[in-house]
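See below for the structure under consideration.
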Amino acid sequence: MASRAGRGPRVWPLYAGGFLGPYGSTMVTPMVHEVAAGLHGSVTAAAAAVTAYMVPFAVLLLVSGTLAERWGRGRVVRAARLVFALVSALCAAAPTMELFLLGRAVQGAANAFITPLLVAAIIDLVPGERRGRALGWFAGMQAAGQGFSPLITGVAAAWHWRLAFVFPALLAIVLVLLPPDAAAAARRATGAVPWRVLVNRRLGSAAALSFLSYLGAVGLTVLVVLRVADDFGFGPVQRGLVSAAFGVAGVAAAGPLGRWAERVGPRPLGLVLNALLAAGLLAAALGPSPLLVVVGVLLAGAAVTGIRTIVNELAATSAPSNRGGAASLALAAQFFGGALAPVLWVPLYHLDARWGFAAACTAPLAALVVLLAARSLRRAPGSPT
């Protein structure tokens, strides 16, 4: 069964589901001015929609994976997607900024019970020799969600910002009607799911890398939109196109980076990719032309896809008896980093636009230190050496 799933369409709903969470996290960034005007609020309040999504997402991820392993993945994923669709409609119809931000918070909470279970399902379905490629494609779809979200919402905002919430609502409904592979999604633990197995160095390294990668990546997603508007006068659609380069690079790099991960292992690949992410952030922050900014976004999109692949495998293989819990903890770290990014980097950007933006490259540089210190990282048992 696992080998057929690795080759055929049985895992494609898992990849499609990986698109939805990152899409929702950054979808408001290219239309903050339109949301603020439409709801008679400030741009700062509208920009807080990113944090409103990520904070409950990150907090619930601390427990969602383990709880879902106990309750059964299938029912949890379907219920969470239905809630996600309903609150997307609430965001579209919200008459006030307060209700809009509440809807965003519930979107994030619902997704906490989706994404880590998809990672755990891929690990269960796909054999070790194909796992890097499978996780690479999942990470590529996550990059596509993060990168194409500003493009799709930017185009929608050209007509009306409320239309931007139609697409994620429809996608969530489609995925409810086409649930993931039953053998993985419907898995339910036969006994107590242990929490103590989540305390291990492998998962700790994965969580640190996850936090730092998203601290830099979401910084890029938010700040590049501000920069191309301020420095080059780009409108919503143009800003969305620049951001979409992140997703294009992620999808293009997914397969090659997955195969590379299978060959060299997490530590050497992680060192290369975090250096590449730092270079991409610097190019996007300091590049004197839109072309160089796009080059920086492309580099960062490819790097983050590879880093996600590493993190997902390190986490989900660190605790075989509680894969969902381990994946959810690593994702919690990722989205805590994402929630912190606007709060940390936007004020620095306003103090000094280019160098404030460039400061975000300290996140992947710190990840290099983590990788250099984690000399014990190896491929998981059952994976190729």
Side-chain angles (χ1 to χ4, degrees), residues 1-23 65 68-69 73-74 77 114-146 175 178-187 202-203 206 209-210 213 247 249-266 269-270 273 301-320 322-328 330-331 334 377-385:
M1 182 194 317
S3 61
R4 291 196 305 271
R7 291 194 306 268
R10 294 168 67 90
V11 295
W12 75 260
L14 305 176
Y15 300 151
F19 179 94
L20 191 61
Y23 181 95
E69 291 281 12
R73 292 179 191 166
V77 168
I114 300 173
T115 303
L117 306 183
L118 304 182
V119 174
I122 289 171
I123 294 292
D124 281 344
L125 279 175
V126 180
E129 66 274 11
R130 298 179 59 86
R131 186 179 294 155
R133 276 163 284 184
L135 290 172
W137 280 114
F138 184 81
M141 290 302 293
Q142 288 186 299
Q146 184 177 342
L175 290 172
L178 296 172
D181 182 276
R187 178 185 181 276
R202 189 179 185 86
L203 181 54
L209 292 174
S210 187
S213 70
V251 173
L257 287 175
R259 289 190 291 272
W260 194 10
E262 290 169 359
R263 289 197 301 269
V264 304
L269 182 58
L273 292 175
V304 170
T305 295
I307 294 168
R308 281 174 172 150
T309 302
I310 293 168
V311 165
N312 286 336
E313 179 169 1
L314 287 175
T317 58
S318 70
N322 189 0
R323 293 198 196 281
S328 69
L331 283 167
Q334 174 177 304
L377 287 183
R378 296 289 186 273
R379 301 286 307 174
S383 297
T385 56

Quiz item: What residues, two or more places apart in sequence or in another chain, satisfy ring pair (Phe, Tyr, Trp, His ring centres under 6.0 Å) together with Phe19?
Solution: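 If we apply the ring pair (Phe, Tyr, Trp, His ring centres under 6.0 Å) test to Phe19, skipping adjacent residues, the hits are Tyr23.
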
Residue pair [X] / [Y]: nearest heavy atoms and the distance that separates them:
X: Leu209; Y: Ile307; result: O-CG2, 4.5 Å
X: Gly136; Y: Ala254; result: O-CB, 3.2 Å
X: Ala315; Y: Ala327; result: CB-CA, 4.3 Å
X: Leu203; Y: Ser318; result: CB-OG, 3.5 Å
X: Leu314; Y: Pro266; result: CD2-CG, 3.9 Å
X: Leu118; Y: Phe138; result: CB-CE1, 3.8 Å

Pairwise side-chain contact, [X] with [Y], heavy-atom cut-off 4.5 Å (strictly under):
X: Leu269; Y: Ile310; value: yes
X: Ile114; Y: Leu175; value: no
X: Ile122; Y: Asn312; value: no

Exercise. Report yes or no: does Ser210 contribute a side-chain atom to a donor-acceptor pair with the main-chain N or O of Ala330 at less than 3.5 Å?
Key: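 Yes; judged by distance alone, with no hydrogens or angles, the pair exists.
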
Self-check item: Residues which pass side-chain hydrogen bond (donor to acceptor under 3.5 Å, both in side chains) with Thr115, listed by chain and number, not counting sequence neighbours
Solution: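 If we apply the side-chain hydrogen bond (donor to acceptor under 3.5 Å, both in side chains) test to Thr115, skipping adjacent residues, the hits are Asn111.
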
